[in-house]
Undergrad: 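What follows is a single structure, and I will ask about it in a moment.
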Amino acid sequence: MTIERTERLNPLPALIFSSRWLQLPLYLGLIVAQGVYVFLFLKELWHLIHGANTLNEQGIMLIVLGLIDVVMISNLLVMVIVGGYETFVSRLRLEGHPDQPEWLSHVNASVLKVKLAMAIIGISSIHLLKTFIAAGDLGLPMCSSAEGLAAMKMVADATAAGVTGLGAACTKSSSLGVMWQTIIHTVFILSAIGIAMTDKLMAHAPKAAKAH
C-alpha cells in the first residue's frame, strides 16, 4: 500500500494553480449551449416530420444534413467539455466507469487539439455538402433581393392554395460564396494535417534524443 504525499504549495503558486477553476463557468456555459442544441435538434426534427408530405427530396436531405450538423457540433461540445475539463481543470476520475470514453484514457492537450481539428473538418464537410446540394439553385435570385422576396411570396401563395412539389424560390448561395467555402474547407484540412504532423514530430523528438 502506497501513500501519496503532496507538498503544500506556497501562497503564490497555490493561487496561480487554483486559477484553473476560473474555467469552470466556461464549461458550465458550454453545457447550457449543449441544451440549446438539443432544443434546436428537436425543432428541426419536428419540421421534418411535419413537412414530410410537402417537402421534396432535396428539402428532406437538407434538413437531415442539418440534423447531422447539429449532432456533430454537439459531439464537439462534449469533446471540449469532457476533454478540456479533464486536461486543464481537474480529473473526472472515471477509471472503471462503464461509460468512460475510450479516447479519454489517453487524452492530452495535443490529442485534444487534433481531435478538435478533425471534428471541425467534419462539420465543415456537412456545411459544404449542403451547399453543393443546393448548388442547382444558383441560377435563382438571391433571397435578400427584391426578386427573391417576390419569388418567395409567389411560392408561399401557391403552397397556401394547395399547390405542392414546388422547387426553391430563391437561393442563399452564390458562386463566389461556394468558391470561398470550398477554399476555407481546404484550409481546415491543411491546418489539421499540419497540426498532426507537428505533434508527430514533437512526439518523436524525445525518443530521438534518448537514442543519442
Side-chain angles (χ1 to χ4, degrees), residues 23 26-27 29-45 47-48 55-85 87-88 101 103-104 107-149 151-152 167-203:
Q23 295 190 38
L26 306 181
Y27 292 110
L30 289 180
I31 294 175
V32 175
Q34 179 94 325
V36 173
Y37 266 100
V38 171
F39 174 76
L40 176 62
F41 181 90
L42 294 176
K43 185 175 70 172
E44 291 297 319
L45 183 61
H47 288 163
L48 177 62
L55 291 170
N56 55 23
E57 182 181 0
Q58 179 177 335
I60 293 175
M61 190 179 301
L62 288 174
I63 294 179
V64 170
L65 287 175
L67 294 176
I68 296 174
D69 185 33
V70 171
V71 171
M72 295 188 70
I73 294 177
S74 181
N75 292 339
L76 177 61
L77 282 172
V78 171
M79 195 178 304
V80 172
I81 294 169
V82 177
Y85 185 90
T87 304
F88 301 108
W103 53 268
L104 191 60
V107 69
N108 53 45
S110 297
V111 173
L112 187 61
K113 184 166 53 178
V114 174
K115 286 186 176 294
L116 291 179
M118 297 305 297
I120 292 173
I121 290 174
I123 295 170
S124 176
S125 299
I126 295 297
H127 281 269
L128 192 59
L129 181 58
K130 290 170 64 177
T131 301
F132 285 162
I133 291 175
D137 300 330
L138 290 180
L140 298 176
M142 296 293 295
C143 292
S144 57
S145 64
E147 294 83 358
L149 294 174
M152 284 193 294
C170 59
T171 181
K172 297 180 181 179
S173 302
S174 63
S175 300
L176 184 62
V178 173
M179 181 191 71
W180 276 110
Q181 191 171 349
T182 305
I183 292 174
I184 293 171
H185 179 69
T186 304
V187 171
F188 281 156
I189 294 175
L190 295 177
S191 299
I193 293 174
I195 292 172
M197 292 181 63
T198 302
D199 288 337
K200 186 176 181 180
L201 291 174
M202 291 177 64

Undergrad: At what distance, to the nearest 0.5 angstrom, does CG of N75 lie from CE of M72?
TA: 7.5 Å

Undergrad: If I take atom CG from residue L129 and atom CG from residue L62, how far apart are they, to the nearest 0.5 angstrom?
TA: 8.5 Å

Undergrad: Using side chain to side chain donor-acceptor pair (under 3.5 Å) as the criterion, list what pairs up with T87, not counting sequence neighbours.
TA: none

Undergrad: Strictly distance-based, threshold 3.5 Å: is any side-chain N or O of S125 a donor or acceptor partner for the main-chain N or O of I121?
TA: yes

Undergrad: May I ask you to test the H185-I189 pair for a side-chain heavy-atom distance under 4.5 Å?
TA: yes

Undergrad: So do F188 and I184 actually touch side chain to side chain, heavy atoms under 4.5 Å?
TA: yes

Undergrad: Might you point out which heavy atoms bring L45 and L67 nearest each other, and give the distance in Å?
TA: N-CD2, 3.8 Å

Undergrad: Considering non-hydrogen atoms only, spot the tightest contact between L76 and A119 and give its length.
TA: CD1-CB, 3.7 Å

Undergrad: Tell me the closest heavy-atom pair linking F88 and Y27, and the distance in Å.
TA: CD1-OH, 4.0 Å

Undergrad: For M118 and A192, work out which heavy atoms get closest and say how close.
TA: SD-CB, 4.4 Å

Undergrad: Is the number of heavy atoms from other residues, nucleotides or ligands under 6.0 Å of Y37 OH greater than 12?
TA: no

Undergrad: Any idea which heavy atoms bring L65 and I126 closest together, and the distance?
TA: O-CG2, 3.4 Å

Undergrad: Tell me, please, which residues at least two apart from E44 pass side chain to side chain donor-acceptor pair (under 3.5 Å).
TA: none

Undergrad: Taking atom CD1 of I123 and atom CD1 of I73, what is their separation to the nearest 0.5 Å?
TA: 5.0 Å

Undergrad: Please round to the nearest 0.5 Å and tell me the distance separating atom CD1 of I81 and atom CD of Q34.
TA: 5.5 Å

Undergrad: Going from CG on L30 to OH on Y85, what distance comes out if it is rounded to the nearest 0.5 angstrom?
TA: 13.5 Å

Undergrad: Is the backbone of V70 close enough, under 3.5 Å, to the side chain of S74 for a donor and an acceptor to pair up by distance?
TA: no

